[in-house]
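Just so you know, residue 1 is the first one in the sequence shown, and it goes up from there.
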Amino acid sequence: MDLTPNPTDDVPPAHPPAPKHRRGKHDAGNQQGNVVPRNGAPQNGPVQNGAHHNGPHQNGHPTPQPPAHATAPQQQPPQPPEPTPKPSETWEAPPVVWRAVPPEPEDPAKDTDTHLPGSAGEHLLQLAYNTRTRAERFYQDQVCEALNDEMIDFIDRMEMAFIATADANGEADCSPRFGPPGFIQVLDRGHVAYPEYRGNGVMASLGNISENPHVGILLLDFVRDRIGLHINGRAMIVDHDAMRAEFDGIPEETERGRTPERWVLVEIDEAYIHCRKHIPRMIHADADQAWGTDDVKRKGGDYFGVRKARKEDRKEAQRETSPARELSSARRR
């Protein structure tokens, strides 16, 4: 909601209301019942400072009067006039009237007449960027809740896949998986599984799946048809022996004599095409592939030079501390 007040409501009126009447010094004097003339002598009051009056006498002498402070109210000194209030002190702002703003866009997925796939965020951005018509057409024409025959054939000849996962806090990871054609097993139209082999021991993808089962799989054909397939679903980790016992057709060895340690079983929520518009053309080339090797050089262990740089940093730190150690040893001797 826009909380900006109307500019015209924040400007004080050109002629502020007149200040309320406040009592001055004459009002204060009248409140005491005495009138104070210019010479300062009270009228109709008792005689002060030994002056006589026309009252009764006792023994030919004027009747003594009690002290002024005992018989008459003490005269109040003149009060200075109160300052006239400033307009800013008496002006009151009118009530703020807020501008009307357009309502927030509704999430189409919450409509009773439509059941759109995808997240609320993508639906809201479709409205914000005016792509809702195109998006709804794609949902209607391309998004499936299970694999069709063409998708199954596509998966059976793929040799790599990109696996996207995230942990419980939403921290994301994307890792590729490779194997011979068909290394991703299609169990039925609603389930696929891929093997996990011995790796670097980090287990980033499996660790995320253990916290958050949602996964995204992207299969890309760079060579023949230049097309892609998205598979989104929920995953679980299954040991190799349990997988083979549960599903017929799971091979004992799936990659050049290597046996999987475990499998990731994915229940499909949606599957849809990735268009070829920006997929580059590549050529499949045979190569001497070191499948499953632990040789650091053959598997390109420090291709980006991280290990080398950190090794140099440790050597530099040791050189900086060596003179201090020698000096300390000399002092002890």
Side-chain angles (χ1 to χ4, degrees), residues 109 116-125 143-147 151-152 154-155 158-180 182-222 228-247 250-251 254-255 258-274 279 291-294 296 299-304 306-307 310:
L116 299 179
S119 66
E122 68 185 63
H123 300 148
L124 293 175
L125 289 181
V143 178
C144 303
E145 295 180 354
L147 302 175
M151 293 176 179
I152 293 174
F154 182 84
I155 295 171
M158 287 296 99
E159 300 179 59
M160 66 177 175
F162 299 93
I163 311 298
T165 60
D167 64 14
N169 296 321
E171 298 289 339
D173 178 81
C174 184
S175 181
R177 294 294 183 271
F178 305 96
F183 80 101
I184 294 183
Q185 301 288 314
V186 178
L187 306 177
D188 55 39
R189 295 188 183 275
H191 297 84
V192 296
Y194 63 86
E196 286 284 341
Y197 298 95
R198 179 179 180 274
N200 58 15
V202 175
M203 298 190 179
S205 298
L206 295 181
N208 287 345
I209 291 172
S210 68
E211 299 182 19
N212 178 0
H214 297 283
V215 299
I217 303 174
L218 174 60
L219 303 162
L220 289 173
D221 176 8
F222 294 97
L229 175 65
H230 291 267
I231 299 175
N232 297 328
R234 289 157 293 171
M236 63 181 299
I237 303 169
V238 183
D239 287 338
H240 176 65
D241 293 337
M243 190 73 180
R244 293 188 69 245
E246 183 69 23
F247 296 97
I250 297 296
T254 61
E255 187 179 353
R258 300 182 66 201
T259 300
E261 293 184 345
R262 55 196 57 87
W263 290 75
V264 174
L265 173 61
V266 179
E267 181 181 2
I268 297 172
D269 290 331
E270 58 185 14
Y272 54 90
I273 191 173
H274 188 101
I279 297 178
W291 293 101
T293 182
D294 283 332
V296 175
K299 67 180 184 180
D302 196 33
Y303 179 86
F304 294 103
V306 177
R307 181 174 178 271
R310 291 179 177 175

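Looking only at side-chain heavy atoms (C-beta outward), Val238 and Glu246 stay at 4.5 Å or farther from each other. Contact check for Val264 versus Val215: no side-chain heavy atoms found under the 4.5 Å cut-off. With a 4.5 Å cut-off on side-chain heavy atoms, His240 and Pro260 count as touching. A heavy-atom distance below 4.5 Å is found between the side chains of Arg177 and Glu196. Annotation: side chain of Arg258 is not in contact with side chain of Pro195 (no heavy-atom distance under 4.5 Å).
Phe183 and Ala161 make their closest contact through CZ-N, 4.2 Å (heavy atoms, listed as atom of the first residue, atom of the second, distance). Here the shortest heavy-atom pairing between Gly118 and Glu270 reads N-OE1, 4.4 Å. Taking both residues in full, the closest heavy atoms of Ser205 and Asp173 are given as OG-OD2, 3.6 Å, listed atom of the first, atom of the second, then distance. Considering every non-hydrogen atom in both Met151 and Cys144, the closest pair reads CE-SG, 3.8 Å.
Shown here are the side chain to side chain contact (heavy atoms under 4.5 Å, CB included) partners of Glu122, two or more places apart in sequence or in another chain: Ser119, Gln126, Tyr139. Under the side chain to side chain donor-acceptor pair (under 3.5 Å) criterion, Arg307 pairs with no residue at all, not counting sequence neighbours. Residues satisfying the side chain to side chain contact (heavy atoms under 4.5 Å, CB included) test with Met158, not counting sequence neighbours, are Phe154, Leu219, Asp221. Partners of Arg189 under the side chain to side chain donor-acceptor pair (under 3.5 Å) rule, at least two apart in sequence or in another chain, are Asp149. Remark: Asp167 pairs with no residue by the side chain to side chain donor-acceptor pair (under 3.5 Å) rule, at least two apart or across chains.
Within the model, atoms CG of Leu218 and CE of Met160 stand 9.0 Å from one another, a figure rounded to the nearest 0.5 Å. Note that the CE atom of Met203 and the CZ atom of Arg262 stand 4.5 Å from one another [nearest 0.5 Å]. Atom CH2 in Trp263 sits 14.5 Å away from atom CD1 in Ile237 (nearest 0.5 Å). To the nearest 0.5 Å, atoms CG (Asp269) and CD1 (Ile231) are separated by 11.5 Å. Atoms CD1 and CZ, from Ile268 and Arg234 in turn, are 11.0 Å apart once rounded to the nearest 0.5 Å. Interatomic distance, Leu147 CG to Ile155 CD1, rounded to the nearest 0.5 Å: 4.5 Å.
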Report task. Please report the C-alpha distance between Leu187 and Leu265 in whole Å, then the side-chain angles of each, then the deciding distance to 0.1 Å, and finally whether the side chain to side chain contact (heavy atoms under 4.5 Å, CB included) criterion is met. Result -> CA-CA 9 Å; Leu187 306 177; Leu265 173 61; 3.2 Å; yes
Requested in this report: Test His274 against Ile279 for side chain to side chain contact (heavy atoms under 4.5 Å, CB included), laying out the working first.
Outcome: CA-CA 9 Å; His274 188 101; Ile279 297 178; 4.1 Å; yes
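More than 12 heavy atoms of other residues, nucleotides or ligands sit less than 6.0 Å from atom CD of Glu267.
The main-chain N or O of His191 is found under 3.5 Å from a side-chain atom of Asp188 such that the two form a donor-acceptor pair. Using modelled atom types, one side-chain atom of His123 and one backbone atom of Pro117 make a donor-acceptor pair closer than 3.5 Å.
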Donor-acceptor contacts, no H, no angles, side chain residues 206-214, under 3.5 Å, sequence neighbours left out:
{"unit_1": "Asn208", "atom_1": "ND2", "unit_2": "Thr165", "atom_2": "OG1", "d": "3.0"}
{"unit_1": "Ser210", "atom_1": "OG", "unit_2": "Gly207", "atom_2": "O", "d": "2.5"}
{"unit_1": "Glu211", "atom_1": "OE1", "unit_2": "Ala168", "atom_2": "N", "d": "2.9"}
{"unit_1": "Asn212", "atom_1": "OD1", "unit_2": "His214", "atom_2": "N", "d": "3.2"}
{"unit_1": "Asn212", "atom_1": "ND2", "unit_2": "Ala166", "atom_2": "O", "d": "3.3"}

